[in-house]
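All remarks here apply to the structure that follows.
Starting from 1, each residue takes its place in the sequence as its number. Atom set for the values below is all heavy atoms of this structure, side chains included, hydrogens, waters and symmetry mates excluded.
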Amino acid sequence: MNPPADPTFAVTNLLPETALESLRKAGQLRIDERTERIPRPDLLDLVGGADAVLTLLHDRVDEELLEAAGPQLRCVANVAVGYDNVDLEAATRRGVVITNTPGVLDEATADLTMALVLGATRRMVEGDRLIRSGQPWTWGMSFMLGSGLRGKLLGIVGLGGIGRRVAERARAFGMEIAYHSRHPAPAEVVAELEAERLPLAELLARADVLSLHCPLTPETHHLIGGAELVAMKPSAVLVNAARGPVVDERALAAALAAGEIAGAGLDVYEHEPQVEPGLLELENVVLAPHLGSATVETRTAMAELAARNAISVLRGAGALTPVTSQ
């Protein structure tokens, strides 16, 4: 297929200006400038006739959207590292290239993960709520005791780019590292982190902090449920900065309420933006509104990479960071 002479780029939400300017220079730009998720009918209208579409993780890219876009569609550039919002098989059948934005958000997401770890283990957010409530309090030897990190075991599920960055930070806090993944990490990474690969059951039993960084797939849906939470230490903390449905939120709320684990820190939710009501009632869980990549620098880099991907595909040069069916 020859590259389109004057391609149309459809952008489903307002993106940083540097990315939009690149698209304007490369062709025609059609954009919905709302910053929240746009209604499905508006999304389907927006993509009609586009040669490339830049989507966010809340935009469902399925047969319906691909049909609405039309046969000329060449690329969907997802402005996210995850792509569980995309029907890869449907895209492949239509010859549509799917891209994502790996790498550029690793550092920011790792920073946020460590903030969740510290917030949960040192009860920072709970303390903030106490101060703001106006309730009387006084310093004491046993007042709001948390737990330290030095010498503790960080268990990482998914030692990819983000998981590795989290492990590096945890090592600076004096933590030991173990991990579970489908495939062994590269030898140089294991050596640098002094990381031990464990079966999931053993990782659950040994970890003082369990941090999730795996993709959402049929195999990882509810990877952490009631049975897995019971298998963890009563003193353990669970952190999820991956995808919400990796954790059974209702089971997590029950485990936290029952003291089966000590605490949790969540940046993602099973039915985002809705949150399991039981979690909202608990003091021992830190809840963040999907802030993993939410820095100016990272969101700009993500948008710019997505724009470069779309432009490269339409010019016939291929994708910079393509996604393929597993």
Side-chain angles (χ1 to χ4, degrees), residues 109 112-138 140-149 152-158 166 170 175 178 180 198 200-214 216 220-292:
T109 306
L112 191 280
T113 300
M114 288 306 300
L116 291 174
V117 171
L118 290 167
T121 58
R122 295 302 306 272
R123 303 174 67 179
M124 293 285 291
V125 178
E126 184 182 351
D128 179 85
R129 286 194 295 266
L130 173 65
I131 294 292
R132 293 177 188 276
S133 74
Q135 297 179 44
W137 63 277
T138 185
M141 286 291 288
S142 60
F143 176 63
M144 290 199 71
L145 294 180
S147 58
L149 298 180
K152 302 292 179 63
L153 180 67
L154 172 66
I156 296 178
V157 178
V166 172
M175 299 191 78
H180 172 77
L198 297 175
L200 181 59
E202 186 175 353
L203 191 69
L204 292 169
R206 290 178 51 186
D208 297 293
V209 176
L210 185 71
S211 193
L212 307 178
H213 301 286
C214 53
L216 177 60
T220 62
H221 182 269
H222 282 190
L223 181 71
I224 304 299
E228 290 74 23
L229 292 162
V230 168
M232 294 173 66
K233 295 179 179 180
S235 58
V237 167
L238 173 70
V239 172
N240 187 10
R243 284 290 184 264
V246 174
V247 174
D248 181 340
E249 274 186 24
R250 184 169 297 180
L252 174 60
L256 289 167
E260 292 172 357
I261 64 171
L266 305 178
D267 189 42
V268 290
Y269 303 93
E270 189 170 357
H271 303 292
E272 196 169 309
Q274 285 75 38
V275 179
E276 167 61 35
L279 291 172
L280 301 175
E281 301 169 0
L282 299 172
E283 290 286 358
N284 57 342
V285 57
V286 178
L287 305 172
H290 207 144
L291 298 178

If the condition is salt bridge (charged side-chain N to carboxylate O under 4.0 Å, His left out), which residues does K233 pass it with, not counting sequence neighbours? D208
Return the set of residues passing salt bridge (charged side-chain N to carboxylate O under 4.0 Å, His left out) with E202 (not counting sequence neighbours), or none when no residue passes. R206
Here the pair of heavy atoms bringing S147 nearest to K152 is CB-NZ, 4.1 Å
Interatomic spacing from [atom1] in [X] to [atom2] in [Y] - rounded to 0.5 Å:
| X | Y | atom1 | atom2 | value |
| --- | --- | --- | --- | --- |
| E283 | L256 | CD | CG | 12.0 Å |
| E276 | Y269 | CD | OH | 12.5 Å |
| T121 | L149 | OG1 | CG | 4.5 Å |
| L145 | R123 | CG | CZ | 7.5 Å |
| L238 | I261 | CG | CD1 | 5.0 Å |

Could you tell me if the side chain of L287 sits less than 4.5 Å from the side chain of L280, heavy atoms only? yes
Side chains of R129 and V125: does their closest heavy-atom pair fall under 4.5 Å? yes
Check step by step if side-chain hydrogen bond (donor to acceptor under 3.5 Å, both in side chains) holds for E228 and H222. CA-CA 10 Å; E228 290 74 23; H222 282 190; over 6 Å; no
Given T113, which of V166, L118, I156 fulfils the side chain to side chain contact (heavy atoms under 4.5 Å, CB included) condition? V166
Among pairs that include at least one residue of residues 235-253, which meet side chain to side chain donor-acceptor pair (under 3.5 Å), considering only residues two or more places apart or in two chains? D84-R243
